[in-house]
Amino acid sequence: MNILVINCGSSSLKFQLIDSETEKCIAKGICERIGIEGSQITYTPAGGEKEQTVTPMPDHTEAIRLVLEALTNEKTGVVKSLDEIGAVGHRIVHGGEKFAASTIITDEVMKAIEECNDLAPLHNPANLIGINACKKLMPATPMVAVFDTAFHQTMPEEAYMYGLPYEYYEKYKIRRYGFHGTSHSYVSRKAAEVLDKKYEDLKIIVCHLGNGASVSAVKNGKCVDTSMGLTPLEGLIMGTRSGDIDPAIMEFIAHKEGKDIDEIMTVLNKKSGVYGLSNNLSSDFRDLEDGYNRGDEHCIRTMNTYCYRVAKYIGSYVAAMNGVDVICFTAGIGENAPLVRSLVCEHLGFLGVSIDEDANHKRGEEIAISTPDSKTTVMVIPTNEELAIARETVSLVK
Ligand code: AMP
């Protein structure tokens, strides 16, 4: 069965068509600047040329129509008709406490997703627009919602509660939810599979280090803690997000710089992280790695602070699980930056971690980068959120 995976943002829409039998991507692409002048669709059929077309996309329905047209195009399409698309899997950012698993999309489910809009005001409304656009163009095709938060719903109360007045939890559901759940679930399962061990027997820490970044603790196949919270701002230092800070800093900056709360939030989300810490040099680790190797003081400070924070989370999750068997690195930085992995692991001597630097410099493979005598196994597992969404979708529509 072919599954169309849709990841819909407020002005962009990423898509992949995946053959669920071979688990291969047949075609993929992105629509950008939806509703903005200069919108374009990029479409790449597997093994074919990338096509970029600048064309008006006033709304998401038009974007999805163009995606379906590209997939069924006589010359460059990959399917003959829409009948060959068996189901659509939608990535949904926030499922609140309502969704602990993926689900077939019905009117009630859409209403429940809408009720979580408050918790992800930038993302959930865009996700719903994507669902509505698909419903319009493919009314008979079953659709599944796969939530970024669902995998973390197994966290115990002690891990998800904040030290805030309890009434805020009761009234507004303010608690820690966690994100990147599809990736944490996929990578931790894959690690067990590659090691040929039972998922339910392992204590795994997954470091999803991309532009957004989070760590999770997966004990006996269940997430018991993760570093992102009510929103994706908590936890690690990220590309442009601050991660954990003393909340009183917000008031301090507000007074000193004359900023209101929205301006402070923009600083914390868009101007902080490794971008801000490197004195606005870059949010991209390729630049930071170059600078580190050149001896640039801003890059050295940023890299060391970033890696220390990752190591500190790993340490706390060893405590949370009373041990660890496997530490996995994944996502853009986790998969591609050997320097980051090395620097993080330098802090992990207490776990008996020893890294094989030759293995650490290999690319694109599911691989153990620790030496055979390392007390804890360290691995690089490329994530594949689209495949994980396709798998969930098939399992529900079959
Ligand atoms: P993601 O959000 O998972 O797509 O990750 C994107 C981030 O991965 C980029 O912002 C880069 O910082 C990082 N990245 C991608 N490729 C490399 C690379 N070859 N070396 C170091 N960092 C990389």
Side-chain angles (χ1 to χ4, degrees), residues 5 7-9 12-16 25 28-30 32 42 44 91 93 122-123 148 151 178-188 190 206-216 226-228 231-233 235-243 269-294 296 298-307 309-310 328-345 355 357 359-367 369 379-389:
V5 176
N7 181 355
C8 200
S12 71
L13 185 154
K14 288 191 211 141
F15 64 94
Q16 266 195 29
C25 167
K28 64 178 176 182
I30 181 166
E32 290 166 288
T42 308
T44 318
R91 178 190 180 204
V93 167
L122 294 179
H123 293 100
D148 250 24
F151 182 62
F179 299 87
H180 296 137
T182 323
S183 177
H184 287 287
S185 163
Y186 175 86
V187 168
S188 52
K190 192 78 183 175
V206 179
C207 306
H208 175 110
L209 310 180
N211 200 26
S214 63
V215 188
S216 68
T226 192
S227 59
M228 282 177 167
T231 76
L233 188 53
L236 299 179
I237 297 169
M238 306 178 214
T240 61
R241 292 184 207 135
S242 64
N269 276 304
K270 304 244 164 81
K271 304 209 164 137
S272 300
V274 293
Y275 172 74
L277 188 54
S278 66
N279 203 21
N280 304 347
L281 201 102
S282 177
S283 65
D284 194 309
F285 271 71
R286 282 162 284 206
D287 302 328
L288 298 171
E289 230 172 1
D290 284 350
Y292 182 94
N293 291 328
R294 272 199 321 270
D296 179 282
H298 294 304
C299 295
I300 293 172
R301 175 185 59 247
T302 304
M303 199 62 97
N304 287 340
T305 313
Y306 178 90
C307 293
R309 177 78 58 90
V310 176
C328 303
F329 287 95
T330 194
I333 300 155
E335 290 168 32
N336 296 302
L339 176 65
V340 169
R341 297 192 294 257
S342 271
L343 291 175
V344 170
C345 289
I355 295 298
E357 278 302 334
N360 188 29
H361 280 78
K362 290 197 178 141
R363 275 253 162 96
E365 290 176 50
E366 284 137 10
I367 189 175
I369 60 165
M379 305 182 82
V380 176
I381 305 276
T383 192
N384 192 339
E385 289 171 278
E386 289 78 14
L387 176 58
I389 293 173

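Counting from 1, the numbers follow the sequence of the chain as shown. Reckoned from all heavy atoms, side chains included, excluding hydrogens, waters and symmetry mates. In each ligand, atom 1 is the first atom listed, and ligand 1 is the first ligand listed.
Ring geometry for His208 versus His184: interplanar angle of 30 to 60°, hence tilted.
Residue, atom and distance of the protein heavy atom nearest to atom 12 (O) of ligand 1 are Phe285 N, 2.8 Å. Looking only at protein heavy atoms, the nearest one to atom 17 (C) of ligand 1 is Asn336 CB, 3.5 Å.
Listed by atom number, the atoms of ligand 1 under 4.0 Å from Glu289 heavy atoms are 20 (N), 21 (C). Residue Gly210 has at least one heavy-atom neighbour below 4.0 Å for each of these atoms of ligand 1: 1 (P), 2 (O), 3 (O), 5 (O). Those atoms of ligand 1 with a heavy atom of Arg363 less than 4.0 angstrom away are 19 (N). Contact atoms of ligand 1 toward Asn211: 1 (P), 2 (O), 5 (O), 6 (C) (distance under 4.0 Å to a heavy atom of the residue).
One option in Asp287, Ile333, Thr330, Asp284 has a heavy atom closer to atom 10 (O) of ligand 1 than any other, and that option is Asp284. Across Gly239, Gly332, Pro338, Ala213, heavy-atom proximity to atom 23 (C) of ligand 1 is greatest for Gly332.
A donor-acceptor pair under 3.5 Å is formed between the side chain of Thr330 and the backbone N or O of Ile381. Put simply, the side chain of Ser227 gets close to the backbone of Val215: a donor and an acceptor are under 3.5 Å apart. Without hydrogens or angle criteria, Ser278 side chain to His298 main chain gives no donor-acceptor distance under 3.5 Å. For the pair Arg341 (side chain) and Asn360 (backbone), a donor-acceptor distance under 3.5 Å is present.
Side-chain contact between Ile30 and Leu13: absent, with no pair of heavy atoms (C-beta onward) separated by less than 4.5 Å.
Of the protein's heavy atoms, at least one falls inside 4.0 Å of atom 19 (N) of ligand 1.
A pairwise comparison of heavy atoms in Leu288 and Met303 identifies C-CE, 3.9 Å as the closest pair.
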